[in-house]
Structures are given as structure tokens and as C-alpha cells.
Amino acid sequence: MPELPEVETVRAGLAQHLIGRNILTVTCHRQSLRYPLPDFTPLIDQQIVAVNRRSKYLLFVLDNDQTLVWHLGMTGQFHLLPGLSDSGLHEHVCIALSDGQSLRYRDARRFGYAGLIDSAALLVHPWFATLGPEPLSDDFSSDSLAAVCRGRKAPIKTVIMDAANVVGLGNIYAAESLFRAGIHPARAAGNISKKRLALLTDTIKQVLQEAIKAGGSTISDFVKVDGKPGYFSHSFQVYGRAGEPCLHCGKVIKRITQAGRSSFYCPSCQR
DNA sequence: AAGGTTACCTGCCCGC
DNA sequence: TGCGGGCAGGTAACCT
């Protein structure tokens, strides 16, 4: 699922169905995912008043001044099903709602995690305290990006994938943003002109916005009823295209490993 | 102490 | 057909 556009699309789809609903029961099929799951009993009889997002975290705001925080990890999915049918493969949590539907959490790799946090204390919680700006807000700007790049020898790709600097970018959108900005993923962050960082700031915002727009058509279906896979189908310019021709110049797209992840780039267009 | 590597988990795809 | 290896959209705990 989950880079920012996917999480945002899931958020929007869930908000539509969950706001105003009450939670009747919560059933867990295992005690922990990446971390131990919280005690869900405080959720019982609470109303969901908002479904928000910060970084890649979904925030279910309850009317008891607590927030159910959920991270999808790599493979986490939420599905809304009519009624309380049997749990499917890798389904770990089932939340029964007052409208007769049930919200199911499924996660094959179990890298996802959840917590129940006092809403007032959300921003000081360790998951949130160190997060950088939202990329689509004015807090993320050429100035803020330049500030975190200054003096850094780390590759620009790892800098923009570090949530302390800007949240929401994963392996795909980092690669696509750098391609559009013409910046080589391995270039030292501190060695990029202010002007080029300003361009990168713009391409990050563009790419994420376009992805949210495109994601709406596919992933919202997935949230709807019976959970069709609904994978985000976007035409990537470099991600996953190693060995294929660059759509801009025709040179062969390369793949390198950075921080244990694949990076894709055009050796001619990106410097 | 910044920067790099590894681990957490299951599934899938590819080559032998 | 079966099996092993490598890889997968995230995060954080380790090393150096």
C-alpha cells in the first residue's frame, strides 16, 4: 500500500464510511504485529469523529479524546465488509461498526502497527515528535529542504526518504521526484544548488499530488466493499524500469542499491 | 555522529 | 513440478 498518496487515498475512502459510526466490538486474531497491539477495550462504544493522516499514519479520532493510530507498514490493508463474516487470510483485527459493517485489518508481512494515544498528547508521542513537514503543506519549502541538505554528505535520495526531513516519500516517489528534477539519487545532498533543490521541492509536490489524484480511482474501490486488490497503477518513469529506455532521452534506466533499497534513475537525465 | 547495513515477516517471481 | 535466492511500497536498531 503505503506511500503518502496511498495512505491519503485510504484515509479519504475510510472517512466517508467511518465518520459518525460507533465501534461495537474489536476482535484481535493475534497479540502483536510489528509491535504489541494496544488494549482495544477503550474503543468500545466510542464514535469515530474524524479520520486524519499525518505522514503515513492513519489517525482515527474518537470522541473520548483518544486517537487510534495505525501504520500500514508495507502490506497493511483496510477493508470494509458487510457484517461479521469469517476472517480472511492474514486478517489480524476486526472492528464491528454500528452500521452493521466491519472494518478489517489485513497485513501479510505484519510490518504494520497500531496504538491508542491521548489526542492531546499525539504530537509528543515518539512516533510523531521527530517528524518533518508534510510535503504538500507550505511548511515543506525550498528553504526547509535546503536547511536539511546543507553540509550533508548523504545521498539526496536517503535525505528525502528520511521522515525527519520531509514525510511521506517512499522508494517509488523519491525515485520519480528525483527523475523529474534531473537529480542523480546518489548525489550528496549538500552538493546540490539551492535552485535545483527548489525544483526538487516542486517536483515532490507535483508527483505526490498527481499520485493522489490517480490513486483515488483505483484504491478507493479497494476500500469500498469486497477488497479487490486495487493496486496503484501509475505509469512510472523510472521506478521498476531498469534496463528499459528512458522515456525522455532513450538511454537505459539503471538500478543501484542505496540504504538497502533499489534506486532507479536515468544516467543521462539525472546528474 | 552521520551514514550505512540489517532485521522484522510473508509472498511472488525467476532460474535451475 | 520443486526449491532456493532475491526482491518487495517502511521503520528502527544496530554497527562503524
Side-chain angles (χ1 to χ4, degrees), chain A residues 1-11 29-37 53-58 69-78 88-93 105-115 125-132 135 147-179 185-191 204 207-208 210-212 214-215 218-219 222-223 229-243 254-264:
Chain A
M1 274 300 73
E3 292 185 43
L4 186 148
E6 289 72 36
V7 179
E8 176 57 27
T9 303
V10 170
R11 184 208 63 76
H29 301 115
R30 62 168 57 239
Q31 295 193 327
S32 80
L33 300 171
R34 176 173 188 159
Y35 307 120
L37 285 165
R53 179 191 58 75
R54 169 72 171 118
S55 186
K56 296 166 188 167
Y57 293 89
L58 290 165
V69 176
W70 215 298
H71 195 293
L72 301 174
M74 289 274 223
T75 51
Q77 301 178 333
F78 277 110
L89 187 64
H90 299 308
E91 187 185 299
H92 309 303
V93 182
Y105 181 70
R106 178 189 302 180
D107 188 348
R109 289 173 75 180
R110 305 203 300 273
F111 287 172
Y113 47 102
H125 187 278
W127 291 344
F128 298 94
T130 60
L131 291 180
V148 296
C149 287
R150 194 165 298 131
R152 296 286 303 275
K153 291 180 179 170
I156 184 63
K157 175 163 179 265
T158 58
V159 169
I160 61 173
M161 285 180 68
D162 183 343
N165 300 323
V166 55
V167 304
L169 286 166
N171 210 30
I172 291 175
Y173 297 112
E176 295 298 313
S177 301
L178 286 168
F179 173 76
R187 174 168 290 275
N191 189 21
I204 286 171
V207 164
L208 294 177
E210 287 175 25
I212 289 171
T218 47
I219 295 183
F222 144 124
V223 171
Y231 272 6
F232 183 73
S233 57
H234 191 74
S235 81
F236 300 127
Q237 306 204 58
V238 286
Y239 183 82
R241 298 194 62 243
K254 298 213 158 174
R255 185 183 86 89
I256 56 173
T257 298
Q258 294 180 282
R261 316 292 300 275
S262 291
S263 290
F264 302 91

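Proteins get letters first, then strands, A, B, ... in listed order; numbering begins at 1 in each.
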Under a 3.5 Å limit for both distances, which nucleotide forms a Watson-Crick or G-U wobble pair with C/dG9, could you say? none
Indicate whether OP1 or OP2 belonging to B/dC9 is found under 4.0 Å from a side-chain N or O atom of A/His90. no
d(NZ, A/Lys157; C1', C/dG10) in whole Å: 12 Å
Check whether any side-chain heavy atom of A/Leu4 lies under 4.5 Å from a side-chain heavy atom of A/Arg53, and answer yes or no. yes
Side-chain heavy atoms of A/Asn165 within contact of A/Arg152, under 4.5 Å: yes
For A/Phe111 and B/dC8, do the ring centres fall under 5.5 Å apart while the planes stay under 30° apart? yes
Integer-rounded Å distance: C/dA13 P and A/Asp162 CG: 14 Å
A/Thr75 vs B/dC9: side-chain N/O to OP1/OP2 distance below 4.0 Å: no
Whole-Å gap separating P (C/dA12) and CE (A/Met74): 13 Å
Describe the nucleic acid contact of A/Ala154 in one word from base, sugar-phosphate, nothing, applying a heavy-atom distance below 4.0 Å. sugar-phosphate
Is any side-chain nitrogen or oxygen of A/His71 closer than 4.0 Å to OP1 or OP2 of C/dT11? yes
Measure from the side chain of A/Tyr113, starting at C-beta and using heavy atoms only, and say which of C/dG10, B/dC9, C/dT11 lies closest. C/dT11
What is the distance, to the nearest angstrom, from the CZ atom on A/Arg106 to the C1' atom on B/dG11? 14 Å
Whole-Å gap separating P (C/dA8) and CD1 (A/Ile172): 10 Å
Gap between atoms CD1 and P, on A/Ile256 and B/dG4 respectively (whole Å): 11 Å
Would one find a side-chain N or O of A/Lys56 under 4.0 angstrom from OP1 or OP2 of C/dG9? no
Judged by modelled atom types alone, do A/Arg255 and A/Ser262 share a side-chain donor-acceptor pair under 3.5 Å? yes
Here the distance between atom P of B/dC9 and atom CD of A/Gln77, to the nearest Å, is 20 Å
Below the 4.0 Å mark, does B/dC8 have OP1 or OP2 next to a side-chain nitrogen or oxygen of A/Arg110? no
More 5' along DNA chain B: A/Gly260 or A/Lys153, using each one's nearest nucleotide? A/Lys153
Side chain to side chain, A/Arg30 and A/Arg110, heavy atoms closer than 4.5 Å: yes
So what does A/Thr158 touch, heavy atoms closer than 4.0 Å: a base, only the sugar-phosphate, or nothing? nothing
May I ask you to evaluate whether A/Arg261 reaches the phosphate of C/dG10, defined as a side-chain N or O under 4.0 Å from OP1 or OP2? yes
Roughly how far, to the nearest 0.5 Å, is the OH atom of A/Tyr113 from the NE2 atom of A/His71? 4.0 Å
Write down the distance separating the P atoms in B/dT6 and C/dG6, rounded off to the nearest Å. 13 Å
About how many Å separate CZ of A/Arg261 and NZ of A/Lys157, when rounded to the nearest 0.5 Å? 6.5 Å
Residue matched to B/dC9 through Watson-Crick or wobble contacts both under 3.5 angstrom: none
Which nucleotide in B/dG3, C/dG9, B/dG4 has an atom nearest any side-chain atom of A/Arg152: B/dG3
May I have the distance from A/Met161 (atom CE) to C/dA8 (atom C1'), rounded to whole angstrom? 12 Å
